[in-house]
*Asks:* 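One structure follows; several queries about it will come next.
In what follows, chains are A, B, ... by sequence order, proteins preceding strands, each numbered from 1.
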Amino acid sequence: MKLSRQLVKNVIEGAIFASPMPLSIDDIAVLFADDEKLSRKELQILIKELQTEYALRALELVEVASGFRFQVRAQFSPWISKMWPDKPPRLSRALLETVAIIAYRQPVTRAEIEAIRGVVVSTQIIKALFDRDWIVVVGHREVPGRPALLATTRLFLDAFSLSSLSELPPLAAVRDLESISREIENITVEQQKTEG
Amino acid sequence: MKLSRQLVKNVIEGAIFASPMPLSIDDIAVLFADDEKLSRKELQILIKELQTEYALRALELVEVASGFRFQVRAQFSPWISKMWPDKPPRLSRALLETVAIIAYRQPVTRAEIEAIRGVVVSTQIIKALFDRDWIVVVGHREVPGRPALLATTRLFLDAFSLSSLSELPPLAAVRDLESISREIENITVEQQKTEG
Amino acid sequence: MSVAVITEQVLPIDAVNDETYARVYGEILTKIPEDLYIPPDALAVFLEAFEGPLDLLLYLIRKQNLDILDIPVAEITRQYIAYIELMQVLNIDLAAEYLLMAALLAEIKSRLLLPKPLTANEEEEDPRAELIRRLQEYERFKKAADDLAELPQEGRDVFEAHAEAPVRDLLPTQPFIGDVALLLDAMRDVMKRTVLQQSHVVGHEGLSLQQRFQEIIERLSFGETVIFYELFPAHEGRLGVVVTFIAILELLKQKLIELVQNGFLEPIYVRQYDEAAA
């Protein structure tokens with residue numbers, strides 16, 4: 001039985017709203033019986049249409065790492081956030097730096113994070129990241145002590161409305177070390193002159 | 001500053017969608033600042049308009065005992081219900097802890113639960129407890145934001161085969177008395193030494 | 001939050017002539033370079049504003065509009081060490097990493113001061129190379145963290161929108177049969193954590209230690225012996241346990257009560273202190 005285009009679209013819309021988690025195309029596909037099957041391509045077209053239909057509403061249908069979800073547009077957050085009298089805790093710089101290193105360098109060990117930050121990473125920060133399900137242990141580095149290798153999760157990406165790691169803001173480039181040491185040499189000579 | 005009619009409607013729409021529980025007119029009214037205030041009558045008219053706007057969507061804006069909520073129209077349940085495979089539900093640790101706190105400390109606000117658990121209580125968990133009809137909103141704490149007060153229901157007692165709340169084991173029995181008796185043991189030993 | 005903005009307030013570089021400066025810290029601060037004056041209250045804030053020695057170094061470099069690649073080691077080292085000394089003088093708890101960095105800077109400085117051998121060794125690396133590499137690397141992630149903070153955040157800027165599932169199929173078809181042990185277990189975990197977190201709130205509620213002393217003494221006043229845990233009123237929860245426990249400890253100390261136990265793992269009994277037996 002072929003379902004009407006409108007019915008399929010309604011089912012997709014209802015399913016995304018009713019699901020507690022974002023829904024992937026595959027999650028949506030399994031909702032239809034064998035004789036109702038739609039291709040991924042068809043589903044994607046219908047989702048695009050839904051996105052357009054919500055253009056004038058307070059919500060938007062966005063794709064994040066774990067799939068599609070509806071969310072209230074950011075412009076209304078000044079009012080919506082009043083529903084939660086306790087403001088969400090501000091993310092500390094230490095936490096942001098730590099999760100940024102994990103996100104860009106994954107998988108990494110805690111020691112490697114500490115080497116980059118130049119300070120000990122507090123247990124609270126690691127715990128806070130685990131509590132949010134933003135990071136997981138994906139294995140162990142085969143060195144003495146077998147330290148845990150940390151990586152970010154899809155929930156981390158979801159929290160920042162990103163659909164994949166490649167959407168992270170690009171990491172600033174490192175200037176070539178060789179050119180650095182060349183430059184340094186010149187400077188050093190000058191330095192010695194002025195310091196001497 | 002008077003807000004535009006469209007903006008107010010968008011805020012109402014977004015708030016009902018973002019809230020884990022139904023929103024009453026009073027819940028909605030507190031989202032607006034003093035100089036943006038709207039009468040209950042005005043809010044009701046705007047909600048009516050929203051209901052009309054959703055006439056052709058997969059969702060409807062309905063009023064239940066504790067307020068307004070969006071729900072997926074029943075006609076789509078044959079597809080949507082496939083998202084919840086029919087296996088005996090397993091309860092997560094976080095859900096159990098949350099409902100235990102509500103049961104022992106009722107009525108409590110979400111912020112109070114978070115204070116006790118020491119972690120954020122996710123919207124999914126609160127929603128899951130509402131879905132099971134294990135908890136209800138029994139009022140509002142008269143503090144800024146008027147957070148909802150949560151309490152357990154008859155169905156919660158049924159699920160745990162309790163006939164009343166008084167059958168919950170006393171909290172003191174829950175406390176790990178082992179550690180205390182260990183401490184006491186040390187004292188006793190010292191006492192015996194000095195007495196001996 | 002940009003470090004530059006905060007530190008502008010925290011470090012009024014031109015505040016050298018402030019009266020407080022001379023009066024309170026006169027003797028000590030004569031050793032500190034003038035441009036390093038920091039109001040005393042601001043020091044703790046100052047330290048919190050930095051994520052570590054690399055962050056502090058980056059600040060010192062940026063403050064002077066220098067490129068990381070052009071670090072004038074002697075000058076930066078002088079400033080860095082001055083900050084560290086100032087904090088030590090003021091007894092501010094410094095993470096060990098700050099001191100390690102000071103040592104590293106001093107070492108680099110001394111190596112740079114050594115005359116270069118005439119036959120320049122191609123293999124020899126600039127003593128600063130490793131530090132520059134670390135600073136650059138740290139700066140990249142500092143920037144990445146800032147970028148991350150700018151992204152829309154769930155629960156702050158965006159809120160997930162959900163609707164109820166269709167009514168009829170909502171309820172689980174199989175009822176959940178729980179057992180109370182499960183619930184208790186969950187609550188015990190909560191209590192354990194609560195004990196760790198909130199031991200400082202004792203006394204905020206209406207349980208008075210004084211009153212508990214009296215209740216316990218009264219209970220034992222006719223030579224009665226009770227099992228230890230019977231002294232903990234069930235309905236008072238964690239707070240009651242704590243208050244009662246403190247009361248018992250205090251009464252033990254004052255030799256008003258004593259604990260008896262017939263053997264290991266036997267119940268502990270509490271009774272009035274018996275002077276005759278002692």
*Asks:* What is the distance from atom CG of Asp27(A) to atom NZ of Lys82(B), rounded to the nearest 0.5 Å?
*Replies:*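 If we round to the nearest 0.5 Å, Asp27(A):CG and Lys82(B):NZ are 14.0 Å apart.
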
*Asks:* Measure Val120(B) against the heavy atoms of chain A and call it side chain, backbone, both or neither at under 4.5 Å.
*Replies:* neither

*Asks:* Any idea which heavy atoms bring Val72(A) and Gly14(B) closest together, and the distance?
*Replies:*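 Shortest heavy-atom separation between Val72(A) and Gly14(B) comes out as CG2-O, 3.5 Å.
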
*Asks:* Side chain, backbone, both or neither: which part of Arg57(A) has an atom under 4.5 Å from a heavy atom of chain B?
*Replies:* both

*Asks:* Would you indicate whether Lys37(A), at its atom NZ, is surrounded by more than 12 heavy atoms from other residues, nucleotides or ligands within a distance under 6.0 Å?
*Replies:* yes

*Asks:* Just wondering, are more than 12 heavy atoms of other shown residues or ligands nearer than 6.0 Å to NZ in Lys48(A)?
*Replies:* no

*Asks:* Quick check on the interface: out of Arg132(A), Lys9(A), Glu13(A), who has the most heavy-atom pairs with chain B under 4.5 Å?
*Replies:* Glu13(A)

*Asks:* Please look at Ile125(B) and chain A and tell me whether the side chain, the backbone, both or neither of the residue comes under 4.5 angstrom of a heavy atom of that chain.
*Replies:* neither

*Asks:* Looking at Glu114(B), Arg146(B), Glu53(B), which one has more heavy-atom pairs under 4.5 Å with chain A than the rest?
*Replies:* Glu53(B)

*Asks:* Pair Trp84(A), Arg110(B) - check side-chain contact (heavy atoms from CB on, under 4.5 Å), show working.
*Replies:* CA-CA 9 Å; Trp84(A) 292 273; Arg110(B) 186 156 156 182; 3.9 Å; yes

*Asks:* Take the angle between the ring planes of Phe17(B) and Phe17(A) and call it parallel below 30°, perpendicular above 60°, tilted in between.
*Replies:* parallel

*Asks:* Is there a side-chain contact between Asn10(B) and Gln75(A) (heavy atoms, below 4.5 Å)?
*Replies:* no

*Asks:* For the CE atom of Met83(A) and the CE atom of Met21(B), what is their distance to the nearest 0.5 Å?
*Replies:*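 Output value for this atom pair is 9.5 Å.
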
*Asks:* By a 4.5 Å heavy-atom criterion (distance strictly below it), what part of Leu56(B) contacts chain A: side chain, backbone, both, or neither?
*Replies:*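 For Leu56(B), the backbone is the part near chain A, not the side chain.
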
*Asks:* So what's closer than 4.5 Å to chain A heavy atoms on Phe70(B): side chain, backbone, both or neither?
*Replies:*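 No part of Phe70(B) comes within 4.5 Å of chain A.
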
*Asks:* Examine whether an atom of Leu23(A) lies under 4.5 Å from a heavy atom of chain B, and if so say whether it belongs to the side chain, the backbone or both; otherwise answer neither.
*Replies:* side chain

*Asks:* Provide the closest heavy-atom pair for Trp79(A) versus Leu31(B) in the form atom of the first, atom of the second, distance.
*Replies:* CD1-O, 3.3 Å

*Asks:* Non-hydrogen atoms of chain B under 4.5 Å away: do they reach the side chain of Ile28(A), the backbone, both or neither?
*Replies:*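 Neither part; nothing is under 4.5 Å.
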
*Asks:* If I compare all heavy atoms of Ile80(B) with all of Val11(A), which pair ends up nearest, and what's the gap?
*Replies:*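 Taking Ile80(B) first and Val11(A) second, the nearest heavy atoms are CD1-O, 3.6 Å.
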
